[in-house]
Amino acid sequence: MSLPQFDVQGSLFESLGAIAPDLFADNDKYKLFANKIWPVLASCREQLMECYEADNGRPGVEPVVLLGVLIFQFLERVPDRQAVELVKYHLGWKLALNLKLSQDGFHPTTLVYFRQRLIEHGKAEVAMRAVLAALQKEGLVPKGSKQRLDSTHVLGAVARLSALECVRETLALALEELKPRLAVQQRPEFWELLWERYVESKLDYKSSEETLQAKRRQAGNDCLRLLQCLEPCAIELRQGKQVSLLREVFGQQFVVEADGKIEPVKVHATGVVQNPHDPQAEWSAKGKGKHKKEWVGYKVQIAETVPKEEGQIGFITSVVTQRATESDDPGLEATLEKQAQMGLQKPSEMYVDGAYISAGSIQEAKEEGWNLMGPAQPSAARTGLDKAYRIETFDVSITERKAVCPAGQSSRQCSQLTEQKSGKVTYRFEFGRQCRDCPARSLCVPKDQPHRTIVVGALHETLQQRRHQQQSPEFKRQMQQRNGIEGTISELVRGHGLRRTRYKGFAKVDLQNQLVAAACNIKRWLQKLNKGVLDTDPEAFCHPRAPLMLDWPHFVGFCAAY
């Protein structure tokens, strides 16, 4: 599909103000968007052109307009069909997107294909990069600024299925994929049975536990029969998308024993497929007890600048989409790498919570010339003791090979341990006779052990220094700057729909997250341009059916103006 001619200025900017000057004040959000944001999006056209073939087929819809529509979808939280209606009827959208008053719009599937083009050509971050570069040019995102980082969960656009439901649904999808590809004579003799059992029939949830377990074993046997039947077939059949997924799900849900009997897996590994309609959406949990959160979906890391003064606006510097089961520790590294790709320097200070803090991350940040601010997590308690002395209560000096316990007893009996596979170095300190008559023995040494032994990492002194530092009032005062990221996540969730994915698949979810971040930065930029006149509520931009809709009274007014 080729591209149409691109008119940067357009006639609407000149004509609309003359036709209806009272509709758009100087501080109107759509007029600000047209004057400040539209040129930024227009600068992306050369990158967007790489998604199209030159002089091939009929002209498509202008990609800069489509990129603007995608951003407006998350500014005003509208789906594809409603967005197309707003392009056609909403004067504010026409002004902001440089469209003529007579613009008819386009089919909603155009947005679907455009998103796919962005993903296939690696342009998912094009809007976020352009907006961030413009903010840097304006001096709103200074080099080496202070930042804060946190993560939140994102719910997938699928339901969490039981193991039996997942296997049955995967079988049904594989059968539907094979039906048009397999000739009638090529189908196995049990084909009609499987089709009736998994495609045309539904599971009865009122069945007993024994019946459900029997159906699960039956589904496992049917999976194996179908996969074995496909072995002599052509490679395009054996490696089809749904057949490959069926093979993966079978390996996760069942075990084939030596005698050929199939048994369901009792304990599933991390990252198993939860729903075949989005196999990349994983189950994860966070927290404990009544505060425990469980979800099927993804995880996202959000980093933003810390305003120099209270009341000022910070801007999002990066969004990193992760698997739901990934931890925050690699999320910090991925965030810094993403910011480097976008042309940002490492922050002077990065404020995080304890999930990002380790001795290695603190030391690495110090060597690179920046400061990672966050509380160090306490070590695990001793097994069998409710109020045991934790490792951090010991004063350990690896340099001097010396450890002092809370009771004042010291030990120089230190051994260096090195793991053969990973090369990780740890140090073990043992207290021998010092523990015999110690009055604090009951708080330190378990009954089944003769004395206390502690094992620390090579960078334990760095971690120990942070644990002492985080007790100071100055550290606690500085860490208050991290709290703002919680409000930013709430703003992204309530105002821009970050919590729930609209699409299925990791790549599409990442595209959505990048557009959400770009929309949030644009909204904050417009608020700053407007000097606080715009409502600071996260949903202030979310009023698509304002009086700018081209309804009948406005239509009559326009006819009179003409």
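Quantities reported herein were computed from a predicted structural model and do not represent experimental measurements. Position 1 is the first residue of the sequence; numbering continues from there.
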Using side-chain heavy atoms (C-beta onward) and a distance below 4.5 Å, is Met373 in contact with Val352? no
Which residues pass the side chain to side chain contact (heavy atoms under 4.5 Å, CB included) test with Val84, sequence neighbours left out? Phe106, Pro108, Leu111
What is the distance from atom CG of Leu67 to atom CG of Leu97, rounded to the nearest 0.5 Å? 10.0 Å
Please tell me whether Gln47 and His121 have a donor and an acceptor in their side chains that are separated by less than 3.5 angstrom. no
Donor-acceptor pair, Arg160 side chain versus Asn275 backbone, under 3.5 Å? no
Minimum heavy-atom separation for Ile391 to Val455, with atom names? CD1-O, 3.7 Å
Asp353 bridged to Arg148 by N-O distance under 4.0 Å: no
Any side-chain donor paired with an acceptor under 3.5 Å for Glu304 and Thr317? no
Examine distances only and state if a side-chain atom of Gln512 and a backbone atom of Arg500 form a donor-acceptor pair shorter than 3.5 Å. yes
Is it the case that the side chains of Glu282 and Gln274 hold a donor-acceptor pair, with the cut-off being a distance below 3.5 Å and no angle test? no
Between Gln464 and Phe394, is any pair of side-chain heavy atoms under 4.5 Å apart? no
Any side-chain heavy atom of Leu155 within less than 4.5 Å of one from Arg499? yes
If you look only at distance, which donor and acceptor atoms sit under 3.5 Å apart when one is on a side chain in residues 422-429 and the other is two or more places apart or in another chain?
from	atom 1	to	atom 2	distance (Å)
Ser422	OG	Glu419	OE1	2.7
Ser422	OG	Lys424	N	3.3
Arg428	NE	Glu430	OE2	3.4

Please work out which of the three classes, parallel, tilted or perpendicular, describes the rings of Tyr30 and Phe72, given edges at 30° and 60°. parallel
Please name the pair of heavy atoms, one in Ser151 and one in Ile489, separated by the smallest distance, quoted to 0.1 Å. O-CD1, 4.0 Å
Does the distance from a Lys or Arg side-chain N to an Asp or Glu carboxylate O, for Glu138 and Lys36, drop under 4.0 Å? yes
Salt bridge or not between Arg477 and Glu474? Use side-chain N to carboxylate O under 4.0 Å. yes
Mind checking the CG-NZ spacing from Leu86 to Lys94? Nearest 0.5 Å is all I need. 10.5 Å
State, to 0.1 Å, how close Gln514 and Ala124 come at their nearest heavy-atom pair, and which atoms those are. CB-O, 3.6 Å
Okay, side chain of Ser162, backbone of Glu165: is any donor-acceptor separation there less than 3.5 Å? yes
Which heavy atom of Gln481 sits nearest to which heavy atom of Val306, and what is that distance? OE1-CG1, 3.5 Å
If we count only N and O atoms by modelled type, under 3.5 Å, do the side chains of Gln339 and Gln147 hold a donor and an acceptor together? yes
Residue pair His90 / Glu85, side-chain donor-acceptor N/O under 3.5 Å: no
Is there a side-chain contact between Trp38 and Val64 in this structure, where contact means two heavy atoms from C-beta onward sitting under 4.5 Å apart? yes
Separation of Glu120 CD from Tyr113 OH (nearest 0.5 Å): 11.5 Å
Tell me, with the steps shown, if Glu248 and Val273 meet side chain to side chain contact (heavy atoms under 4.5 Å, CB included). CA-CA 8 Å; Glu248 179 183 356; Val273 175; 3.9 Å; yes
Ala157 backbone acceptor or donor facing Thr501 side chain under 3.5 Å: yes
Run the ring-ring contact (aromatic ring centres under 6.0 Å, His included) test against Phe315 and tell me which residues pass, sequence neighbours left out. none
Count the heavy atoms of every other residue, nucleotide or ligand shown that sit under 6.0 Å from CD of Gln465, and state whether that count exceeds 12. no
Which of Ile316, Asn513, Val300 passes side-chain contact (heavy atoms from CB on, under 4.5 Å) with Leu492? Answer is Ile316
Would you indicate whether the side-chain heavy atoms of His277 and Lys504 approach each other to under 4.5 Å? yes
Side chains of Ser358 and Arg466: any donor to acceptor distance under 3.5 Å? no
Quick one: do the Glu364 and Ser361 side chains pair a donor with an acceptor below 3.5 Å? no
Arg502 vs Lys508 side-chain heavy atoms within contact, under 4.5 Å: no
For Gln301 and Tyr356, does a side-chain donor sit closer than 3.5 Å to a side-chain acceptor? yes
Are Glu294 and Lys286 ion-paired here, with the side-chain N under 4.0 Å from a carboxylate O? no
Between Ala359 and Leu463, the two heavy atoms sitting closest are N-CD1, 3.7 Å
Search all heavy atoms of Gly297 against all heavy atoms of Ala324 and return the closest pair with its distance. O-CB, 3.4 Å
If you measure from NZ on Lys31 to CG on Leu529, what distance do you get to the nearest 0.5 Å? 14.0 Å
Heavy atoms, side chains only, cut-off 4.5 Å: are Phe506 and Leu511 in contact? no
Given His460 and Val396, is the side chain to side chain contact (heavy atoms under 4.5 Å, CB included) satisfied, shown in steps? CA-CA 8 Å; His460 177 74; Val396 179; 3.7 Å; yes
Is it the case that Arg117 places NZ or CZ above or below the six-membered ring of Tyr52, under 6.0 angstrom from the centre and within 45 degrees of the axis? yes
Flag, side chain of Glu486 to backbone of Asn483, donor-acceptor distance under 3.5 Å: no
Out of the candidates Leu173, Val249, Val158, only one should pair with Pro276 under the side-chain contact (heavy atoms from CB on, under 4.5 Å) rule; please name it. Leu173
Is any NZ, NE, NH1 or NH2 atom of the basic residue among Arg524 and Glu491 found under 4.0 Å from an Asp or Glu carboxylate oxygen of the other? yes
Show, in sequence, the C-alpha distance, side-chain angles and deciding distance for Ile119 and Tyr503, and conclude whether the side chain to side chain contact (heavy atoms under 4.5 Å, CB included) test is met. CA-CA 13 Å; Ile119 293 172; Tyr503 321 116; over 6 Å; no
Sidechain-backbone polar pair: Lys299 side chain, Glu326 backbone, donor-acceptor under 3.5 Å: yes
Using side chain to side chain contact (heavy atoms under 4.5 Å, CB included), reason through Tyr298 and Gln322 one step at a time and then give a plain yes or no. CA-CA 6 Å; Tyr298 303 86; Gln322 292 180 292; over 6 Å; no
Kindly compute the distance separating NE2 (His107) from OG1 (Thr110), expressed to the nearest 0.5 Å. 7.5 Å
Min side-chain heavy-atom separation Asn371-Met350 under 4.5 Å: no
Okay, side chain of Gln252, backbone of Ala269: is any donor-acceptor separation there less than 3.5 Å? no
Nearest 0.5 Å, please: how far is CG in Leu70 from CG in Asp80? 8.0 Å
Hey, does the side chain of Thr393 reach the backbone of Tyr389 with a donor-acceptor pair shorter than 3.5 angstrom? no
